[in-house]
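Input: a single structure, listed below in structure tokens.
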Amino acid sequence: MFEELLQAPALASWLGLLAGLLAVYLLYSSWTFQDKQKNPPGPRPLPLLGNLHQLDLQWLDKSLFELSKRYGPVFTVYLGLKKVVVLAGCKTVRQALINHAEEFGDRETSPLFHDFSKGHGITFSNGDGWKEMRRFTLTTLRDFGMGKRLSEEKISEECHYLIEEFEKHKGKAFDNTTIISYAASNIISAIMFGKRFDFNDAVLPDMVKNDQETIRLSGSASIMIYDAFPMLGPWLKNWRDIMKNMENNKRHISQLINTLKETFNPDICRCFVDAFCTRKLSLEESDAQGVHYHDDNLVYSVMNLFAAGTDTTSNTLRWSLLLMAKYPQIQDRVQEELSRVVGDRQITMEDRRNLPYIDAVIHETQRFANIVPTSVTRSTSRDVTFQGYFIEKGTTVLPLLTSVLYDESEWETPNTFNPFHFLDKEGKFFRRDAFLPFSAGRRACLGEGLARMELFLFFTHLLQRFRFTPTPGMSEDQLDLTPVVGFTLSPLPHQLCARTDL
Ligand code: HEM
């Protein structure tokens, strides 16, 4: 009895403790259940480091693609203190960027992106300023013939200069990187400044080199660390180099703009810079609010277009030539189709619809090369519930283009270079939903029309004139398709022969 009396309070307190634990458990499990309902899942982050220790920063896109197989198409990772929601797979990326275009339509305002344009220009700006600059740029690019005859003439003219440069090597192996970049940047220069640069000009090589280096360094691990811990910037060599390159290009572009301003005549529009100045003047005269037409927006928009339009197109073109040398049977079919449909005459954009195999090869090059693997990070413009998950306004969003262009549920042979991905049974070209190298939605690449024209005309002009082969003594198998990782993926340094005797 005594013992029972002694044990009763003990039992009561044990029961109390158990009830307490049960209550905590129920509270915790209902909280985690709610949490799972609300926040996209993801690997558990460490304080400060986040998930940096679990990611291969050298191959961030591949690392995130692997994680998507474990956590699903919408998941969270922490890059240091920065929360990033990753969107993976064709269906999810399209659903977010197209069906929820507004909510997923802001650009991330990361420290690096801020350094790039200080909130001005097109690529790294938001709000009314971005809207006005994007609208103005699209109209002006169209006025200067994006996707039309005028740019076709400019590109064809540039093709001839490029062919001349290739011919100078007389079939011997050479690295085509620089010359292809100059050709691509001359197309943008013609639109921006109304002039092309001679390949021996001093300014063009410096601008191209600065942009190439910036794009390469932007994808480096130390810059990812800078974005997570911006106070470290001045101690990081890569960041200091990027800042130096940006300043140099800003100086070059400001000088080119000032020279154009000296001879500006509002009645004659020679280029993008003139169109901007004319718009500024007309808004001032009509007393309308031309708040966005200031020098910073002009300089940074031109810088954005020059950088976005040079590296991407030239990179893709280099991949296409490397792939032709690597797969000679595919090159045979390209050249057979070209000589059957076009022969020796001048190629025009009109020819594209009669060249389905070539169209498929160019599309497959863009898919396989996947040159902007993590797209350009976005940010949510407001709170959004997406696929049952709650994503707060201002969250960084990474549309993983690798997971779209290599989506196993969309492509028959995602890891193989296979032009038949874009050809039906009758050999006719057809577009695929998962072909998103230019991304999608309201921030999608605004140079797509121009880029597609450049890729078609440069590629066909070169293949009409040359046969691309590895250096003598090297077999096709030895050509390495591993990319150099930067903000964009480019081929490893290599040499090819451009031969006219085969
Ligand atoms: C093969 C060539 C190209 C590829 C693969 C490419 C790809 C991309 C991608 C993936 C984006 C990010 C879009 C997003 O956030 O959803 C982008 C944005 C952009 N691209 Fe391109 N691009 C190419 C050529 C060009 C050219 C030739 C120009 C210039 C005329 C250009 C100008 C831009 C601009 C200004 C943006 C930012 C758009 C904005 O934020 O509103 N691109 N591009």
Side-chain angles (χ1 to χ4, degrees), residues 121-123 137 140-141 143-146 150-169 174-216 244-264 268-277 298-318 321 447 450-451 453-455 457-459 461-462 488 490 498:
I122 314 156
T123 315
T137 304
T140 311
L141 286 182
D143 289 348
F144 280 98
M146 180 166 85
L150 198 64
S151 16
E152 181 172 345
E153 277 166 22
K154 290 237 160 15
I155 301 166
S156 300
E157 185 193 330
E158 201 59 42
C159 287
H160 292 295
Y161 288 111
L162 188 61
I163 288 173
E164 267 178 29
E165 290 300 312
F166 275 35
E167 278 171 344
K168 285 184 187 163
H169 294 275
F174 68 102
D175 184 336
N176 55 33
T177 314
T178 321
I179 210 70
I180 289 182
S181 299
Y182 293 172
S185 68
N186 260 340
I187 304 301
I188 285 289
S189 298
I191 299 172
M192 295 295 109
F193 313 117
K195 68 175 242 179
R196 73 174 293 277
F197 292 87
D198 189 82
F199 289 146
N200 298 317
D201 189 280
V203 173
L204 183 80
D206 197 46
M207 291 210 295
V208 169
K209 181 187 75 51
N210 289 335
D211 274 340
Q212 275 173 349
E213 196 173 274
T214 299
I215 287 167
R216 183 176 56 78
K244 196 176 71 206
N245 292 340
M246 294 295 299
E247 274 314 307
N248 278 340
N249 274 9
K250 191 171 170 208
R251 189 170 36 83
H252 284 312
I253 283 175
S254 301
Q255 270 165 10
L256 286 161
I257 291 175
N258 287 340
T259 311
L260 283 163
K261 279 184 178 171
E262 282 164 17
T263 49
F264 172 65
I268 305 167
C269 188
R270 298 162 295 183
C271 57
F272 181 92
V273 174
D274 278 359
F276 190 98
C277 295
L298 174 58
V299 172
Y300 284 112
S301 296
V302 173
M303 281 175 80
N304 290 167
L305 290 163
F306 196 87
T310 299
D311 180 77
T312 46
T313 317
S314 55
N315 227 333
T316 311
L317 199 59
R318 283 174 61 225
L321 303 184
L450 182 66
M453 211 172 184
E454 285 186 57
L455 290 178
L457 290 171
F458 278 125
F459 181 74
H461 274 76
L462 289 173
T488 56
S490 48

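This chain uses plain numbering: 1 for the first residue, then up along the sequence. Note that these values count all heavy atoms, side chains included, but never hydrogens, waters or copies made by symmetry.
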Measure up the H169 and F174 rings against each other and bin them: parallel (under 30°), tilted (30 to 60°), perpendicular (over 60°). parallel
[Y] side chain reached by [X] side chain, heavy atoms, under 4.5 Å:
{"X": "L450", "Y": "I188", "answer": "yes"}
{"X": "P205", "Y": "T178", "answer": "no"}
{"X": "L321", "Y": "I180", "answer": "yes"}

Rounded to the nearest 0.5 Å, how far does [atom2] of [Y] lie from [atom1] of [X]?
{"X": "F276", "Y": "T137", "atom1": "CZ", "atom2": "OG1", "value": "8.5 Å"}
{"X": "R270", "Y": "K195", "atom1": "CZ", "atom2": "NZ", "value": "11.5 Å"}
{"X": "R318", "Y": "I179", "atom1": "CZ", "atom2": "CD1", "value": "12.5 Å"}
{"X": "I257", "Y": "F193", "atom1": "CD1", "atom2": "CZ", "value": "6.0 Å"}
{"X": "D274", "Y": "K261", "atom1": "CG", "atom2": "NZ", "value": "11.0 Å"}
{"X": "I253", "Y": "R251", "atom1": "CD1", "atom2": "CZ", "value": "11.5 Å"}

If you compare all heavy atoms of [X] against all heavy atoms of [Y], which two are closest, and at what distance to 0.1 Å?
{"X": "L141", "Y": "I191", "result": "CD2-CG2, 3.7 Å"}
{"X": "L260", "Y": "C271", "result": "CD1-SG, 3.9 Å"}
{"X": "T310", "Y": "S181", "result": "CG2-O, 3.7 Å"}
{"X": "C159", "Y": "L457", "result": "SG-O, 3.7 Å"}
{"X": "E158", "Y": "I187", "result": "CB-CD1, 3.7 Å"}
{"X": "F459", "Y": "L317", "result": "N-CD1, 3.9 Å"}

[X] (side chain) donor-acceptor with [Y] (main chain) under 3.5 angstrom:
{"X": "N304", "Y": "I122", "result": "yes"}
{"X": "S301", "Y": "L298", "result": "no"}
{"X": "S314", "Y": "D311", "result": "yes"}
{"X": "N186", "Y": "R196", "result": "no"}

Consider side chain to side chain donor-acceptor pair (under 3.5 Å). Of E213, K250, K209, Q212, which one does N245 pass it with?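 Looking at E213, K250, K209, Q212, the match for N245 under the side chain to side chain donor-acceptor pair (under 3.5 Å) is E213.
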Can K168 and E165 be counted as an ion pair, charged N to O under 4.0 angstrom?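 Salt bridge: yes.
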